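These notes are about the structure you will find just below.
Convention: sequence-line order gives letters A, B, ...; per-chain numbering from 1. Basis for what follows: all heavy atoms, side chains included, without hydrogens, waters or symmetry-related copies. Note that the structure is predicted; figures quoted are calculated from it, not measured.
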Amino acid sequence: MLDEELGKLTEFHYNHCPEYKKILDSLNFDVTKSHSYAELPFIPVRLFKFYDLLSCPKEEIVKTMTSSGTSGQAVSKIYLSAQNTKNQSKTLTEIITSFIGKQRLPLLLLDTEMVKKDRSMFSARGAGIIGFSMFGRDTTYALDADMKLDIEKVAEFLEKHQDEPILMFGYTYMIWQFVVKELKKLGKNFNIKNGILFHIGGWKKLKDEAVDVFTYNKTINDVMGNIRVYNYYGMAEQLGSVFVQCEHGHMHCSNYSDIITRHPSDFTPCEFGEKGIIQLLSVLPESYPGHSLLTEDEGVILGEDDCPCGRKGKYFEIKGRIKNAEIRGCSDTYERR
Amino acid sequence: MNDVNFLIGNENILNIPMAPFADEVCDFLNDLSKEILSSSEGRLYPDLSALAFWCRKANIQKLKSQERVGKYRLGRGLCFHIAPSNIPVNFAFSYVFSLLSGNANIVRLPSKDFPQVNALIGILKKVIEKYPKIQSRTAFVKYDRNSNATEEFSKIADARMIWGGDNTIKTVKSCTTKPRCIDIAFADRYSVCILDGEKILEADEKIMQRLSENFYNDTYLMDQNACSSPQIIYWLNDSSDAREKFWNTVYETAERKYVLQDAVCVDKYTKFCEDAIDYHETIKGVKNRGNLLYRSEISVLSENIENLRGKGGYFYEYSLNDLGEFFQVVDEKYQTVTYFGINPETLALNISSHELRGIDRIVPVGQAMDIDIIWDGYDLLSQLSRIIDVRG
């Protein structure tokens with residue numbers, strides 16, 4: 001089913017996005033023939049930083065997502081139509097509710113409300129917060145404008161909902177930096193009896209501090225109480241079709257997405273267990289050609305349909321960003337002001 | 001100037017010129033050469049041994065005997081060097097050229113930390129102690145980009161050697177200097193390679209092996225990112241057999257020697273996509289062998305062809321009817337032509353007779369990176385010294 005959908009999308013984008021068409025023409029790819037999805041072309045995720053890639057008239061764009069680039073770097077621009085946005089939230093809902101149930105739970109956001117208020121840029125971080133807010137009620141922000149843990153506000157929120165399951169959401173490193181470390185420093189504990197935490201974001205800084213997923217989850221339980229911790233993975237370029245880590249530490253594909261890992265040397269697909277560059281496939285992108293992307297992350301596909309958690313589909317582990325190239329040469333500029 | 005880290009020397013640098021090829025300087029360079037070669041790092045880093053090789057007595061004597069300098073000449077005074085941030089030992093060549101010309105030197109080191117730079121500084125420190133005349137005229141510095149040291153050093157310099165991109169040069173040139181201070185700017189340049197297909201077909205296995213290794217050293221070794229590294233391969237007497245023969249040996253050599261980084265693979269594929277979008281009318285087709293070698297065939301030579309730049313084994317190719325076709329696109333950006341199977345003198349003659357604005361070097365494949373005292377079209381020795389015009 002995924003094969004067919006993705007093939008159709010390839011043809012659709014070929015016919016509607018001129019830049020995408022030029023790439024496929026350069027690859028001598030024939031969209032009219034049927035292909036297995038491993039044969040479908042992929043485009044580097046970085047291209048969204050350099051070009052405005054869309055597959056629908058600009059008038060139909062209702063929202064432009066920008067990725068959180070560090071200052072000075074170009075940001076990705078993702079153009080979303082109304083239909084695309086709708087499909088994204090529908091899919092996200094289906095994936096997340098399969099973990100938390102359909103009921104809306106009291107939601108504690110481990111972030112600052114400022115990220116939502118600053119509308120100068122519709123950043124992926126703000127979008128993530130807003131997107132997740134629909135799964136909760138009585139939404140409360142744990143951090144103040146200076147990213148300081150508002151312990152009294154949190155205590156009040158937890159007191160009010162003491163007999164209910166608590167839903168929490170935040171960004172992986174920020175939770176560690178501004179909540180976990182602060183609680184440790186204060187010697188305090190949220191003492192949540194039944195909590196669920198979803199978090200998203202890079203592990204690079206945590207790796208630098210030698211924190212792996214098991215240490216992370218255990219420490220969360222040490223300072224917050226009894227919490228089921230779910231890490232999830234997704235790209236601003238493929239919002240909606242996220243990958244969620246199960247209780248066995250494996251990332252899972254949903255019905256809307258798939259993963260292929262590729263050998264760097266020639267981009268042939270890796271075997272299960274082999275590390276490679278991650279290609280992500282999603283059936284959601286319609287208004288922009290983002291259904292098949294070569295990421296800049298590395299990972300290992302561990303297996304398919306046989307994760308001990310019982311979920312079907314491929315499951316994998318992310319190994320982080322590919323190492324920055326050390327390029328020699330003299331064309332670099334020496335000083336900038 | 002509190003934010004300047006003097007690795008060698010101090011701010012009381014002696015600004016008194018010396019004669020070019022002063023005995024003490026020649027001895028110092030010979031000593032430096034020996035010291036590098038006997039160090040473990042000198043054996044480890046090819047760029048360090050290349051420096052040592054250049055500084056050896058025989059080479060310096062040869063340069064001196066060429067008597068390009070004339071009878072009465074002195075250094076200009078104090079030369080301030082801004083080295084590029086990512087060719088590790090380039091700063092040392094810059095220093096040595098200026099020292100030989102008779103100048104005192106302040107050298108700003110690359111901002112990045114390179115092991116061979118640290119090793120070389122250690123060796124220089126040790127050797128320079130024995131040469132007080134040179135020691136008092138030498139400073140190696142590091143400072144942050146926010147420092148105003150570039151302004152301060154520029155004020156006292158008699159010459160500046162500015163290596164870097166066009167932006168760097170613009171910034172440095174905006175600093176106030178003495179009225180007679182000269183700037184030698186090594187800007188962003190573009191280089192190409194010209195191969196004769198018939199000569200390649202005639203070449204035996206041994207010659208091909210050497211050619212491919214030389215080509216590798218010009219390109220892959222520096223990730224094709226040096227200004228003198230060729231971007232476009234021009235074919236004269238072209239044939240598909242010649243091309244296959246050439247690229248097969250290059251591929252085999254690269255496969256054996258090149259460490260293909262994952263990020264470079266993604267970069268190259270990204271380059272391929274960008275070219276498809278931006279240059280779909282200029283590029284006929286792209287052949288690749290995995291991610292190690294990309295060959296992009298140009299269908300039409302246009303004026304801004306030098307915007308096509310590959311990295312880490314990404315080449316553009318064009319079949320020339322004659323050299324005249326190539327001369328039409330040459331502008332002042334063009335630096336080096338590497339060649340195989342063509343007569344360099346004929347090429348040089350043609351450049352003169354066509355009154356071209358570019359091409360400063362014509363060297364065999366394999367010598368693209370060989371920096372020397374004539375570089376980028378400048379005779380550095382004569383630029384960095386002054387002539388005393390004596391008439392009887």
Would you mind checking which part of B:F186 comes under 4.5 Å of any heavy atom in chain A, side chain (CB onward), backbone (N, CA, C, O), both or neither? neither
Go through the atoms of B:I277 and report whether side chain, backbone, both or neither lie under 4.5 Å from a heavy atom of chain A. both
Chain B heavy atoms under 4.5 Å from [X]: which part of the residue, side chain, backbone, both or neither?
X     : result
A:I23 : both
A:L27 : both
A:F50 : side chain
A:Y20 : neither

CG-CZ distance between A:L302 and A:F272, expressed to the nearest 0.5 angstrom: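 These two atoms lie 9.5 Å from each other.
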Between B:F80 and B:R108, is there a cation-pi geometry (under 6.0 Å to ring centre, at most 45° from the normal)?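 Cation-pi check for B:R108 and B:F80: fails.
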Between A:L284 and A:Q238, does the side-chain contact (heavy atoms from CB on, under 4.5 Å) criterion hold? Intermediate values first, please. CA-CA 7 Å; A:L284 298 181; A:Q238 284 182 352; over 6 Å; no
With heavy-atom distances below 4.5 Å as the criterion, would you say the side chains of B:W247 and B:K287 are in contact? no
Tell me, out of B:L260, B:V266, B:I162, who's got the most heavy-atom pairs with chain A below 4.5 Å.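 Max contact count across the listed options: B:V266.
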Would B:L308 and B:D275 count as a side-chain contact (heavy atoms from CB on, under 4.5 Å) here? Give the steps. CA-CA 8 Å; B:L308 297 175; B:D275 278 0; 4.3 Å; yes
Heavy-atom donor-acceptor pair, A:E298 side chain to A:K275 backbone, under 3.5 Å: no
